[in-house]
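Below is one structure, written out as structure tokens; comments come after it.
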Amino acid sequence: SYYIYRVIEDPEWSLATVPHLTELCLQHIIHNFEKNPILDHLLPEHQRKVLDRLSTDLPLAVTANLISDEDYWKRCCTERWQACDISNYGDSWKQMFFERHLENILRCFIPNTTDPNQVLELIPLCKDYVRKLEVDQFLPPVQMDQKEERDDLSNTGSDFGFGEVSIHHYDLGVLITALPHLEELHLTYGVKDCGMNFEWNLFNFTHQDCCNLAVAVKMCHNLKVFKLTRSKVDDDKTRLLVRNLLDHPCLVELNLSHNLIRDKGAQAVGKLINHSRLQTLDLCNNQIRHLGAQALARALAENSTLTSLNLRLNCVEDKGGEAIGRALLTNTTLKSIHLGSNNLSEPTAMLFSQVLAQNTSLTSINFSCNHLGLDGGKQLLEGLADNKALTEFNLRLAEVGQETEYLIHQIVWANREAARLGSLQHPSAKPI
Amino acid sequence: MAAAAGWRDPAPAPAPALSDPGPGPQERIAARRRRLDAKRREALGEDVELKVAQVEEEQRRSHKQIEESRQRLAKLLFDGTQMVTNIQVAADLREMQRRAEEAELKLQRVEKLENEAKSSTYKFEEITSKWALAKEMTIPQELWQLLNQQQQQCALLLEEKNKLISELQQELKNKDEQYVWAIKKQSDDIHLLLERMEEQIRLMLKNYRHELLQIEKAFELERRELLDNNRRKWEEAIQAHNAQELEYLHARMRKVEEFEKQLNQLRVQDEEEYNSMKIQLENDVQNLERQLQQMKAVYQLNQEKLEYNLQVLRKQDEENTIIRSQQKRKLNRLHSLLNNLRTKLANQEKQFREENHSLAADCERITGQCKEVQRRMRHFAISDAEKFTEVWLMNEEEAKGLMRKALDADRVIHTQQLGLPWEEPRYWFLNNTGPLGHYKVKRMATKLAAEVLTESSSGGQEEEGREKEKEEVGSGEGGKENTAKVEGRVTPLRNISKKTAKRILELISDESGFLIESKLLRSLQALGRHERTLMKLDSIFAALEIDSEDDLYQLVDFFLKYKAQEMAVSQSQGSPGAEDVTDLAEDREDGGSGAQRNKLKSPRSLLGSLPSVYFHADDVLKILKAFVRGFDKLREKDRSAKEVLQVRDSSKDEEYWKALAHVIPKPTLKLWDALAVALEEYYEILMQRASLLAEVDLLQQQNSELCLLLEEYISSGVNSKLLFPPTKWMDLNLSCPGEAQWVPRARARLFSAPS
């Protein structure tokens, strides 16, 4: 009778416009998803519909462990951030969402002001998905009013205790140890975009922070990559970190670039090289001099795991350079070495010509921005004459002369071609 | 985030970003190639090598294109990367220079500060030293002057410091400016970097597109060529195939024709065969039909025959029924007859029973007669025996006479004819007189008892008794055999100790007085003890019908055995013991008389070992009773056995007589035979000689007559007339007439002999 009535009353009305009951039910489910999340019991096509229409504002407590659909998390990500490249996040939108969400919270965390539960509550939700943590900002405890943060959260609690309050940063220990799948940790103890509010103590990586971090990293057994950059890590802190990283079961890459590491720290790192499985070591832009370089060279001579070493922007000078060169005469695993901007000169070039003649594992050498001189360049050219392994040799701004550079470039180019063909032909010479 | 990182550290970021697309496709292509190749290798194995070469040849153009593009792009990429990273390198260099300058400036500054600090400390010390001087000052003007000086110097020092500070601040300001400039420169650098990166990306994209197009074109071209080639090949193959098909078709047609021909031929052959076969089969059918007709006829005939037979059989059956009824009737009749016969039989049986009774009476009578006859026979037997001995003796005498004669002849032959010494042979039978064999002369039981009794009284008597006995037994015979036999018979008695025997006999005599007649008893009183006992025993034996010594032995044996059994069996089993005794007695009689003795020996020898067997007087009656019971039965058998024993054993007789006949031994007889033959021959020769002598006489007479005749002939005149007178050769004969005459005469004798 209702139909009849409707039909009589409204000639344009048709049954097609009436939504299906299932549709209505799904609508209802979507509206009340927060209170009553039903997903697993639905048919696949209905699940699809529900997921497509679910709001991205739903609390994570509801969605985190329930929804594994990538499209939903893609929506969440794209709505929240403009640039999204999931290749950095294991090709998983969900992982990306949780990692970036956690990073955001950590970036804006102000010790003694922000509620630590904010992080702790998130742990059970995200612990299964977070594999990489990349935090490029740690805020110090609030001391003054003039600090202006871009985030709203930081503006909330402003005037709190003054100088008496500790200036330590957030202790990652609780969080990191609760993340069982964490494999990468990139940290920078500093403040971004401070602008005219710049103050030195904003960039203070305290000893206590270092202790906390070292203990936390030690507890994190699955960690493979550890990067601590631009954090004013000095020798003491390096030693502290190294002490805790000794014999770490998984650690493969260590990056301590843009710090204040001197010879003592370098010695400690040299010890670490032979007490771990490190394959990549980045110490660029530190203050390592020849003593530290010699320590590293000693370690390198015995080591058989390290494949890449970066000492850019240090001042190892010829003594350090020669020590490293001598180590490379015996080492057979290192593939790539970066000694750019290290005040090297002819003696190092002489030694490295020997290295190039003997070593067959090195594929990449970077001597840019040194004072090798014309003779040094010629020496290197001679050494390179019989080398078939080297595929990259950077001598830009090394004062070796254009001709030498060109010849070296020719040889390296030929090596690279040969290597490429070798890699092609080795399995088979068959074209498609 | 990556972008943000890129801002901060622009140099390393673009390098991987740009280099990513470059090697990417190549690596992927390589990987794909590797994978495909691995698969093909697995599938095809070694053949791959050859194919690889071929394919390489074919696809060289595209490959070359790819290679060229790849190289061009790689170079481009490298150049681009170089260009982009140049900025970083430049920045590095700048930074290094800055650091060097900074270090230098720092050194200068530190030096300057140290110098200033040194000078200022020097001045300060000067001032402070003057303060000490001021304490010593007492004059206010001087003090004021000094204070002023100090003030001026302090002001000077401060001024210097301030100047330094202002200088440093100036430197700081410169640094700030430198910093700002550096920031600006860096931002410029970053902008430049970005620009270059973008440009690079654009360029790369364009180049990649271009190269891709080129490669595709090359591939297209190659593909077209390949297609053309393949099509050409395909068409050629198709044409070849068609030609081949046509050829096959032709061949096939030819074959079909051939086969058709063959088929036709085969068909014709088969038809012929078929026809012949058909004819043959039709013939067969006709034959079979004929046979069928014949068989039908036979069948009908048989049917008729069988019907006839059937009728005959039916008739026979009817007859049989009739016969059966007749038989039944006959059977009934016979039944009645049988009944009659039965009644008759009953009557007859009754009759026969009566007859039997009468016959039984007859039989009894006849047995009585028979017994009498037997008695008579026994009598006759005795007389026969006597006669027999008489005849024997007579014959023996005669035989002995003959024997003697023969022996005499033998002696004569030996001594007279042969001249050998002769010895008279000695044979056992030569001395024998009377019939052979010996009756068992049974001593009477009483005699034996007396013997026993007397023997026990004295050993010498025993010997005598035996002597006597021997004489008795061997009277007339006197052979060793007999003595041995007698001894064999006596020995058993010896086995029983004489004491025991005596005692038994005495017991019997004492205890069985009731068997003796009262008259006799009375008369016995007068006699001596020994005699009395004997007499008593005599009468008792008479009552018990114990006649012979055997019986007596049996009695004694029985006593002993009874006693032995009594001892073995407990006293309570007295009566069964008695029965056993009877059984024993029976056993004994079964064994026969010959075996009896042997049997008796063994128990006796056993019993002999119990010399002092004590017999109770009370038992004697019991034993006697048992004995008599068994003995009666025994007696019956014994009697016949005895009779058998009394029949003479004639087995030895023949031997005896033969021995008598052959008193001359065989070798002697042979000798005699040979002698006889030889004598015969001798006699014959003698006879011949006698006849020959007579003949010789006759011949001599004839010879003389013939000589007379010859002389007559020769003297006559006829001879002279003859051409060939016999006298001529007869002279020779006449010269020796004696020898020549013998031959014809002998011949004549030979001729005359048969006639």
Side-chain angles (χ1 to χ4, degrees), chain A residues 81-85 87-89 96 99-100 103-104 134-137 186 188 190 192-193 229-230 257-258 282 284-285 287 310 312-315 338 340-343 366-371 392 394-399 409 412-413 416-417 420-421 423-432, chain B residues 1-5 7-9 11-12 17 20 23 26-27 29-38 40-41 48-49 51-53 55-60 62-64 66-67 70-71 74-75 78-79 81-83 85-97 99-100 103 215 219:
Chain A
W81 300 289
Q82 290 175 336
C84 295
D85 180 10
S87 65
N88 282 336
Y89 299 94
M96 176 177 172
E99 282 176 7
R100 288 182 77 167
E103 282 160 17
N104 274 349
E134 202 173 325
V135 188
D136 56 357
Q137 167 172 285
H186 301 188
T188 303
K192 287 182 90 175
D193 300 324
T229 55
R230 286 180 279 133
S257 56
H258 310 290
D282 194 343
C284 84
N285 196 11
Q287 296 169 11
N310 192 341
R312 185 169 72 95
L313 276 174
N314 283 293
C315 17
H338 197 315
S341 318
N342 262 313
N343 252 334
N366 196 330
F367 275 139
S368 59
C369 306
N370 282 304
H371 315 288
E392 253 185 70
N394 200 333
L395 289 170
R396 279 177 291 176
L397 299 179
E399 301 167 17
H409 174 70
V412 168
W413 192 254
R416 191 186 289 189
E417 282 296 300
R420 195 190 67 81
L421 280 174
S423 72
L424 277 182
Q425 276 172 357
H426 209 63
S428 141
K430 179 131 180 80
I432 294 167
Chain B
M1 227 28 180
W7 283 114
R8 214 24 96 79
D9 195 3
D20 230 356
Q26 279 167 23
E27 276 171 17
I29 285 164
R32 208 162 65 211
R33 274 182 199 166
R34 261 174 263 144
R35 276 200 302 276
L36 279 172
D37 185 63
R40 274 185 213 177
R41 266 199 188 175
V48 169
E49 308 287 310
K51 282 196 177 177
V52 164
V55 173
E56 216 171 351
E57 201 79 21
E58 284 169 15
Q59 296 194 341
R60 184 139 288 176
S62 58
H63 188 61
K64 217 186 278 170
I66 289 167
E67 192 65 20
R70 194 193 58 72
Q71 273 177 6
K75 204 153 220 167
F78 180 76
D79 288 347
T81 317
Q82 204 84 350
M83 203 156 77
T85 49
N86 268 342
I87 294 168
Q88 190 211 355
V89 172
D92 275 1
L93 186 69
R94 252 198 323 273
E95 170 68 12
M96 213 176 70
Q97 281 168 356
R99 277 186 192 180
I215 290 167
F219 269 116

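Residue numbering restarts at 1 for every chain, and letters A, B, ... go by the order of the sequence lines. Computed from a prediction, not measured in an experiment: that's the story for all the values here.
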Heavy-atom distances under 4.5 Å only: say whether [X] touches chain B with side chain, backbone, both or neither.
X: A/His371; result: side chain
X: A/Ser341; result: both
X: A/Trp413; result: side chain

Quiz item: Where do B/Phe78 and A/Arg416 land on the side-chain contact (heavy atoms from CB on, under 4.5 Å) test, with the steps shown first?
Solution: CA-CA 12 Å; B/Phe78 180 76; A/Arg416 191 186 289 189; 3.7 Å; yes

Exercise. Using salt bridge (Lys or Arg N to Asp or Glu O under 4.0 Å) as the criterion, list what pairs up with A/Glu417, not counting sequence neighbours.
Key: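 For A/Glu417 the salt bridge (Lys or Arg N to Asp or Glu O under 4.0 Å) partners, ignoring immediate neighbours, are B/Arg70.
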
Quiz item: Of all of B/Arg99, B/Lys75, B/Gln97, which one pairs up most often with chain A through heavy atoms under 4.5 Å apart?
Solution: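 Greatest number of close heavy-atom pairs with chain A: B/Arg99.
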
Quiz prompt | Which atom of A/Met96 lies closest to which atom of A/Asp85, heavy atoms considered | solution = CE-N, 3.9 Å

Quiz prompt | Intermediate values then yes/no, side-chain contact (heavy atoms from CB on, under 4.5 Å), A/Arg312 and A/Asn366 | solution = CA-CA 9 Å; A/Arg312 185 169 72 95; A/Asn366 196 330; over 6 Å; no

